[in-house]
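All values below come from the heavy atoms of this structure, side chains included, with hydrogens, waters and symmetry mates left out. These numbers were taken from a predicted model, which means no experiment stands behind them. Chain identifiers are assigned alphabetically (A, B, ...) following the order of the sequence lines, protein sequences preceding nucleic acid strands; residue numbering begins at 1 within each chain.
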Amino acid sequence: MSDSSLTARLSRATGGATNLQLMLVCIAVLIAMSFANPRFLNAYNFESMAFFLPELGILSVAVMIAMLTGGIDLSIVGLANLAAITAGLFFQRMGGAEAGIGSVLIGIAIALSVGLLGGILNGLLISRLRITPILATLGTGQVFTGLALVLTGGPAIVGFPAAWNAIGNAKLGPIPLPFVIFIAVCLGVWLLLSRTAFGLQLMLIGTNPRAAVFAGINRARMLLYSYALTGVLAALAGIILSGRTNAAKSDYGASYLLQAVLIAVLGGTNPAGGRGNVLGVVLALISLVMLSSGFQMMRVSNHLIDFIWGAFLIGVLVLNYLLSGRRAG
Amino acid sequence: MSAETAWWKSTEAMVAGILLLAMVLIGLVNPAFWSLENLFSLARSNVVIGIMALGVLLVMISGGIDVSFPAFAAAAAYLVVRAMVDWGWSTGVLVPFLLATLLGAAMGLVNATLVWKLRMIPLIVTLGTAAMARGLLNGVVGTSNVNINKYPKSLIAFGKTDLITLTNAKGASFGLPATVLAYLGLALVIHLVLSRTMIGRSVYAYGASPEAAKRVGFKTGRTLIFVYVTAGALAGFAGLLQSSMIWMANPRDFVGWELDVIAAVVLGGASIFGGRGSVLGTMLGVFILVMIKNSLILMGIDTTWQRVVVGLMLIAAVALTALRDRKAIV
């Protein structure tokens with residue numbers, strides 16, 4: 001991106017949370033947590049983080065994509081659960097935990113299709129009916145969660161097939177499979193955003209929607225594609241979550257929404273659109289997951305960790321403001 | 001759209017029309033809808049969500065959105081009740097409600113400062129402050145409910161007060177709670193402030209165009225403080241009111257209420273882009289939402305459908321307002 005005054009202003013507005021700064025934050029967290037916990041620098045701990053982090057990471061990337069056009073997707077967690085539950089109901093018909101690898105492949109296709117359809121629904125509401133993304137996805141999020149509740153009647157679906165659970169628990173050599181999937185998603189989204197016309201057009205829509213329209217970009221179609229992609233990523237996160245826990249429920253992962261928004265913003269994504277990159281999101285994700293894991297080792301209660309996440313979000317906003325040197329009039 | 005449109009073309013009249021239609025339909029499906037017992041219980045369910053909606057209305061007119069008020073309501077109510085129980089205060093009703101309102105206002109001030117100074121999207125600010133409020137409350141103060149056996153007697157008596165008490169066919173008594181008056185009074189105050197005072201007009205001006213509001217001489221920082229502090233104060237008050245009506249203080253209460261309240265305010269014709277919205281419309285929107293949620297059982301629909309219905313209502317309402325507000329190319 002050229003360093004024109006507009007991008008410079010934008011980068012200041014979002015705090016210039018450059019990837020270098022984020023890398024330093026990441027290393028600082030690593031050092032602080034290693035000093036605070038002797039057991040932190042332990043292969044087992046990093047392995048458990050690598051199992052836990054992908055679902056949150058994929059959701060954060062999904063939020064980032066929605067933010068690129070100046071939107072947001074508050075329905076991701078509901079959609080993730082709905083996708084996993086739909087697949088779970090399919091497996092129950094196919095013999096539950098005994099279902100074969102063929103059924104699992106169909107189940108994955110079903111879950112991803114649910115994500116795609118949900119994303120397309122969001123995209124249509126936002127691009128065709130021109131509903132504000134916040135309200136459209138707040139509404140669809142309720143509908144998705146509500147449908148998940150209607151489908152299950154409340155309790156969790158348990159007993160997924162072994163091949164499905166492998167998605168969340170297997171290892172490729174020393175590396176957890178979900179982490180491999182996460183890296184693949186990051187590479188894919190990075191290529192899509194930085195090396196294709198699609199990515200460039202998304203950025204332009206977020207930077208200046210009016211100019212994008214005059215430049216001949218089909219805004220409605222771009223929005224539709226971006227929310228469809230967000231939906232598919234949400235479903236993928238749902239697959240990994242239910243594979244890891246061998247269960248699917250309508251209210252799993254409720255706290256992921258705030259965390260995903262926080263990670264996207266912290267990773268240098270501008271919620272007003274036009275700016276964001278995968279590497280920043282990954283660095284922010286790793287910092288926060290290490291922070292969380294370190295505090296958990298210090299036996300800080302989960303509630304206080306929620307507080308820390310919220311405080312971190314506000315702290316980053318304040319820091320960005322101070323760094324940007326802008327003063328309210 | 002001109003400001004001089006006839007009253008029957010106003011958003012409020014449209015919402016009232018939908019409300020009447022829905023009432024007739026529900027009444028046809030189940031005549032029990034029109035029983036006084038059901039109507040009183042509807043009125044009762046309107047109170048807390050309605051007071052919160054007044055706060056969200058202010059925020060929305062100013063062009064923002066607030067998802068922190070449920071956390072603030074839970075925090076204010078729980079802190080006050082816990083203080084009363086643990087420290088053995090028996091201070092009547094006024095002081096606790098004043099305290100809860102002040103606590104809410106103080107938390108609202110944090111939102112106001114952040115939105116004003118950081119010029120950050122209110123959604124993100126309030127997501128953060130909500131997580132902080134809930135995290136601190138549950139992590140530091142506690143997660144256990146204050147149940148009816150320990151709950152302050154004065155608040156129970158207050159929450160139980162009825163304006164009218166009647167007896168149904170089975171001999172059980174039911175009534176119209178006095179807290180309805182608190183809701184109506186607050187609604188009137190907010191309506192008067194919005195329509196008759198300079199600060200009220202500045203909220204509309206800021207919501208329609210922050211820059212223009214500043215140029216015509218409104219102190220926009222003061223406007224934002226008024227909006228978020230009032231929203232916080234209303235949330236704190238409503239939190240304790242709810243707690244006194246159910247005789248229990250639950251520090252994890254109000255989870256997910258933001259959707260219902262925002263849906264109600266949008267149903268009532270407020271625009272998330274700011275500058276539009278009225279107290280009457282909001283009250284009608286609250287009534288529609290509460291009525292449809294409560295009537296699902298009367299209409300023989302399983303309650304698991306509630307969230308789906310609320311979500312669909314929100315989408316329908318915003319789609320209608322989006323069609324109404326459609327003007328620019330983007």
- Message: What part of Val266(B) gets within 4.5 angstrom of chain A, counting heavy atoms only: side chain, backbone, both, or neither?
- Response: side chain

- Task: Mind checking the CG-OG1 spacing from Leu313(A) to Thr129(B)? Nearest 0.5 Å is all I need.
- Result: 9.0 Å

Under 3.5 Å, sequence neighbours excluded: what are the donor-acceptor pairs made by side chains of residues 68-79 of chain A?
from, atom 1, to, atom 2, distance (Å)
Thr69(A), OG1, Ala66(A), O, 3.1
Asp73(A), OD1, Ser75(A), N, 2.8
Asp73(A), OD1, Ser75(A), OG, 2.7
Ser75(A), OG, Asn122(A), ND2, 3.0

- Item | Atom pair CG (Leu127(B)) and CG (Leu258(A)), whose distance is rounded to the nearest 0.5 Å | 5.5 Å

- Looking at Val143(A) and Ile315(B), what are the two nearest heavy atoms and their distance? CG2-CD1, 4.2 Å

- Kindly compute the distance separating CG (Leu123(B)) from CD1 (Ile134(A)), expressed to the nearest 0.5 Å. 4.5 Å

- The interface call for Leu136(B) against chain A, heavy-atom contacts under 4.5 Å, is both

- Note on the structure: If one checks every heavy atom of Val310(B) against chain A at 4.5 Å, the contacting part turns out to be neither

- Message: Under 4.5 Å from any heavy atom of chain B, what part of Ser250(A) do you find: side chain, backbone, both or neither?
- Response: neither

- Note on the structure: Scanning both residues in full, the closest heavy-atom pair of Ala319(B) with Leu129(A) reads CB-CD1, 4.1 Å

- Message: For the CD1 atom of Ile314(A) and the CG atom of Asn111(B), what is their distance to the nearest 0.5 Å?
- Response: 7.5 Å

Only pairs under 3.5 Å count here: list side-chain donor-acceptor contacts from residues 297-306 of chain A, not counting sequence neighbours, and write none if there are none.
from, atom 1, to, atom 2, distance (Å)
Ser301(A), OG, His303(A), N, 3.4
Ser301(A), OG, Leu304(A), N, 3.2
Asn302(A), OD1, Gln296(A), NE2, 3.1

- Checking heavy atoms, do the side chain of Leu135(A), its backbone, both or neither come under 4.5 Å from chain B? both

- Query: Are the side chains of Met67(A) and Ile124(B) in touch, meaning some heavy atoms are under 4.5 Å apart?
  - Reply: yes

- Item | Closest-packed option against chain B by number of heavy-atom pairs under 4.5 Å, given Ala272(A), Gly153(A), Ala254(A), Gly310(A) | Gly310(A)

- Non-hydrogen atoms of chain A under 4.5 Å away: do they reach the side chain of Leu137(B), the backbone, both or neither? neither

- Task: Of all the heavy-atom pairs spanning Leu149(A) and Thr304(B), show the shortest one and how long it is.
- Result: CD2-O, 4.0 Å

- Message: Tell me which of these, Ile308(A), Thr140(A), Leu138(A), has more heavy-atom pairs under 4.5 Å with chain B than the rest.
- Response: Leu138(A)

- Heavy atoms only: give me the nearest Pro271(A)-Met120(B) pair and the separation to one decimal. CG-CE, 3.6 Å

- Message: Is Leu114(B) close to chain A through its backbone or its side chain, or both, or neither, when contacts mean heavy atoms under 4.5 Å?
- Response: side chain

